[in-house]
Amino acid sequence: MSISSINYSSSVLGSQIRNINQQLTDLSTQLSTGKLSQNYSGMGTNEGFAIASRAQLSNIAAYTDTITNVNVSINLANTALQSLTKIRSTVQTGSANTAQDLNVNGQTIAQNTAAAQFGSMVGVFNTQTGNRYLFSGTAVNTQSVADAGDIINGTTTQAGFKTVMAERQAADLGANGMGRLVQTQPTPSSVQVSEDVAGSPFGLKIKSVSSTLTGATVTGPSGSPVSFSVDLNGNNPSNGDKLSIQFTLPDGTTEQIDLTASSATPTPLGSFAIDASVPVNPNNTAANLNTALNTAIKKLANTSLVAASAVTAGDNFFNTASSAIGSAKTNQAAPPAPISGATALSGTSPSDSISPGFVAGDTITVNGTTLTFVSSGATGNQLNVTDSIQTLLSKIDGITGTSKPSTVHGGAITINTDDAASLNITSSNTSALGSLGFSATPVTATQPPLRVGSSPASSATTLVNGSANTVKWYLGNDGPGSPRSTAMARVDDSVTVQYGAQANEDAIRRQLQAIAVFGTFSTSPTGQYSGGQVSALSLRVTQALTQQPGQQRIEDIQTDIAMAQNTMKDATTRQTQAKAQLQTIVDQAESASPDQVASEILALQNALQASYQTTSKLAQLSLVKFL
């Protein structure tokens, strides 16, 4: 018979000791790390909740980073906008100053200040955070506005604002300095004034004429070109009788000339002399009226008209953006495909056509010309309901006479026109027009930069699209939609904020335009009408920098982005609370209590000591003792 030896390593007691040792090792690790386990399998049944909580904590951390970055952008934008309000106040205060002392360059101190502030504004618009331009809309990698020197002085190939303003002034004044008016004496007893060309956008426009001249006949204003005449009919007016003519200036303002019949010597300012010869010759009075009227028109043309011309040139140069743009999709099976030039204007779904489409009898009116939809066989100003969008655009281009064809690209229709101010498109089927991306009717477009249409400018009669040879001052995104929507960020699971801005927003553009006009305009330091020009311009600039009801204000933009900031603040508050709760769930599922672990270690140490003692006694057994 054989007797097996007592093998400690394979004994039940040895196994228990090893188990206790392992538990002690695990508990020691828990005590040092504070975690139940170093792997998910040892975490217990609540680890699923912890994993889900960790995912939410990770999202909150990402939102926190996003909010931090967006706040940096918003704070920089707000600082920039605040500086714009200070610039506006500075220039407005200067323009309202009655002092009109001109330096050798033909400008006042206030104008010099405005020129410097224009450069500051351009610098503000080109503010960056990282590599992102804050006032470029979605074109974040593109400088928001051109360099200040290029905007004012132009480049080697493109005209700047100074050139545009000079051309416009020459066109408005005309070669005779009379504001494009022609003054004659058809008969010895009469005076006539007419506009030089019918339909011309330049110069003074005769609005109304009134008279209290005794025995005189006033005709007009009427005709094409518009004219009026005053015939004394061989009569001398009475002392104090008055002739009043009201003119409309290029900027839409009105000015009035009042000429009073006077027998005083010398003849007072704003009056014309009643003939006092013996015998009385009323034709002399008519000649005096003609001279006084000529003097008054020249003064008006060389003061208020020049100022109005500068303001209008500013609008021609700065008040520009894109053509009319629409973005739509076809009625093909989901997901809808973007439209293309080949997309049909009507068709059965699913097909490459807009939905809802046009039907026979529908009309589209473009600048007063009507296009009618027919089932088939379209001729002239007709369209088949199955014609393509490109066919429609070609019809529209034929009516507007654009030099740049309208396009369809990336699902967006761009209707180009050389005279965006006159673009007006409506339809009897507004739903179908909306399917082309034009949700608002009538469809209109903003102006391209406008230039005097021919040379010499003093005899020009048209304004033309100057896009090809004029500096584009705004370089950022100018597509449809709110400027705020050009920068969006998700700051919570179901919360997004919009904080974009564009330098061509109405409030910003109007301020930049007014300051550019004031800072760029100059005149002769010793000219007869120089003081009147600067005075009239100062008045207009002061008004332009004064906020009007219904107009966007820079403060409105600040309010918009402040709302985004408040939204993020609220999101941060919610996330802070959620973060604490989620962390509690994780801690409860994964953390080990130091007190409990210490207690368990102590119990295991006692059990291990007892096991070692028992093992020691067993280890002293021999075969003799065993027997």
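Residue numbers run from 1 in the order of the sequence given.
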Stepwise salt bridge (charged side-chain N to carboxylate O under 4.0 Å, His left out) check, K207 with E255 = CA-CA 10 Å; K207 183 177 182 182; E255 296 275 350; over 6 Å; no
Test item: T127 side-chain N/O and L134 main-chain N/O as donor-acceptor pair under 3.5 Å | no
State, yes or no, whether a side-chain contact exists between I87 and S120 at a heavy-atom distance under 4.5 Å.
-> yes
Ignoring hydrogens and geometry, is there a side-chain-to-backbone donor-acceptor pair from Q511 to L545 under 3.5 Å?
-> no
Between V306 and F521, is any pair of side-chain heavy atoms under 4.5 Å apart?
-> yes
Hey, what do you get for OG1 (T85) to CD (Q82), rounding to the nearest 0.5 Å?
-> 4.0 Å
Would you give the length of the straight line joining atom CG of L423 to atom CG of N367, rounded to the nearest 0.5 angstrom?
-> 5.5 Å
Looking at side-chain heavy atoms only, is the closest gap between F358 and I364 below 4.5 Å?
-> yes
Neighbour count above 12 (heavy atom, 6.0 Å) for K205 NZ | yes
Between F161 and F318, is the gap from one ring center to the other below 6.0 Å?
-> yes
Is the closest side-chain heavy-atom distance between Q111 and T523 below 4.5 Å?
-> no
Checking D150 side chain against V471 main chain: does a donor-acceptor pair fall under 3.5 Å?
-> no
Determine, step by step, whether R168 and L463 satisfy the side-chain contact (heavy atoms from CB on, under 4.5 Å) criterion, reporting the C-alpha distance in whole Å, the side-chain angles of both residues, the deciding distance to 0.1 Å, and the verdict.
-> CA-CA 9 Å; R168 177 85 206 203; L463 284 166; 3.6 Å; yes
Do the side chains of Q183 and Q192 get nearer than 4.5 Å, heavy atoms only?
-> no
Looking at CG of D492 and OG1 of T567, how far apart are the two atoms once the value is rounded to the nearest 0.5 Å?
-> 11.0 Å
Please lay out, stage by stage, how S200 and R180 fare under the test side-chain hydrogen bond (donor to acceptor under 3.5 Å, both in side chains).
-> CA-CA 9 Å; S200 168; R180 303 300 289 266; 4.5 Å; no
Would you confirm whether N477, through its side chain, and S136, through its main-chain N or O, come within 3.5 Å as a donor-acceptor pair?
-> no
Side chain T129, main chain R132, donor-acceptor under 3.5 Å | no
Report the C-alpha separation of T496 and R490 in whole Å, then their side-chain angles, then the decisive distance to 0.1 Å, and conclude whether the side-chain contact (heavy atoms from CB on, under 4.5 Å) test is met.
-> CA-CA 4 Å; T496 59; R490 183 169 297 280; 3.8 Å; yes
N/O donor-acceptor pair under 3.5 Å between D397 side chain and S406 backbone = yes
For P449 and T320, the nearest pair of non-hydrogen atoms, with its separation, is N-CG2, 3.2 Å
For the residue pair V385 and A360, what are the closest heavy atoms and their distance?
-> CG1-N, 3.4 Å
Salt bridge (Lys or Arg N to Asp or Glu O under 4.0 Å) against R509, all qualifying residues, sequence neighbours excluded = D315, D506
Stepwise side-chain contact (heavy atoms from CB on, under 4.5 Å) check, T254 with F247 | CA-CA 6 Å; T254 57; F247 296 94; over 6 Å; no
Pairwise distance CE(M165) to CD1(I152) - rounded to 0.5 angstrom | 8.0 Å
Show the numbers, then the answer: is there a side-chain contact (heavy atoms from CB on, under 4.5 Å) between Q143 and F125?
-> CA-CA 9 Å; Q143 183 173 311; F125 296 146; over 6 Å; no
Nearest heavy-atom neighbours spanning V226 and P221 | CG1-CB, 3.6 Å
Residue pair S95 / T542: nearest heavy atoms and the distance that separates them | OG-OG1, 2.8 Å
Close side-chain approach of T370 to N381, heavy-atom, < 4.5 Å | no
If you measure only the distance, is there a donor-acceptor pair under 3.5 Å linking the side chains of S467 and N465?
-> yes
Would S309 and T312 satisfy side-chain hydrogen bond (donor to acceptor under 3.5 Å, both in side chains), going step by step from the backbone distance to the final call?
-> CA-CA 5 Å; S309 177; T312 306; over 6 Å; no
Determine yes or no for a side-chain-to-main-chain donor-acceptor pair under 3.5 angstrom, with S304 supplying the side chain and L300 the backbone.
-> no
Using atom types as modelled and distance alone, determine if a side-chain donor or acceptor of R510 lies under 3.5 Å from a backbone N or O of Q513.
-> no
Indicate yes or no for a side-chain donor-acceptor contact from N316 to the backbone of L450 under 3.5 Å, with no hydrogens or angles considered.
-> no
Using distance alone, with no hydrogens and no angle criterion, decide if Q565 and N75 have a side-chain donor and acceptor under 3.5 Å apart.
-> yes
Gap between atom CD1 of I354 and atom CG of L436 - 0.5 Å precision | 4.0 Å
How about L249 and R540: do any of their side-chain heavy atoms sit closer than 4.5 Å?
-> yes
S346 side chain vs V359 backbone, donor-acceptor pair below 3.5 Å | no
Can you name the closest pair of heavy atoms from V497 and M568 and give their distance?
-> CG1-CG, 4.0 Å
Taking the side chain as C-beta and beyond, is there a heavy-atom pair between T142 and Y133 under 4.5 Å?
-> no
Between CG of N566 and OG1 of T559, what distance do you get to the nearest 0.5 Å?
-> 10.5 Å
Taking the six-membered ring where the residue is Trp, are the ring centres of W473 and F317 under 6.0 Å apart?
-> no
What heavy-atom pair brings Q498 and R484 nearest, and what distance separates the two atoms?
-> CB-O, 3.3 Å
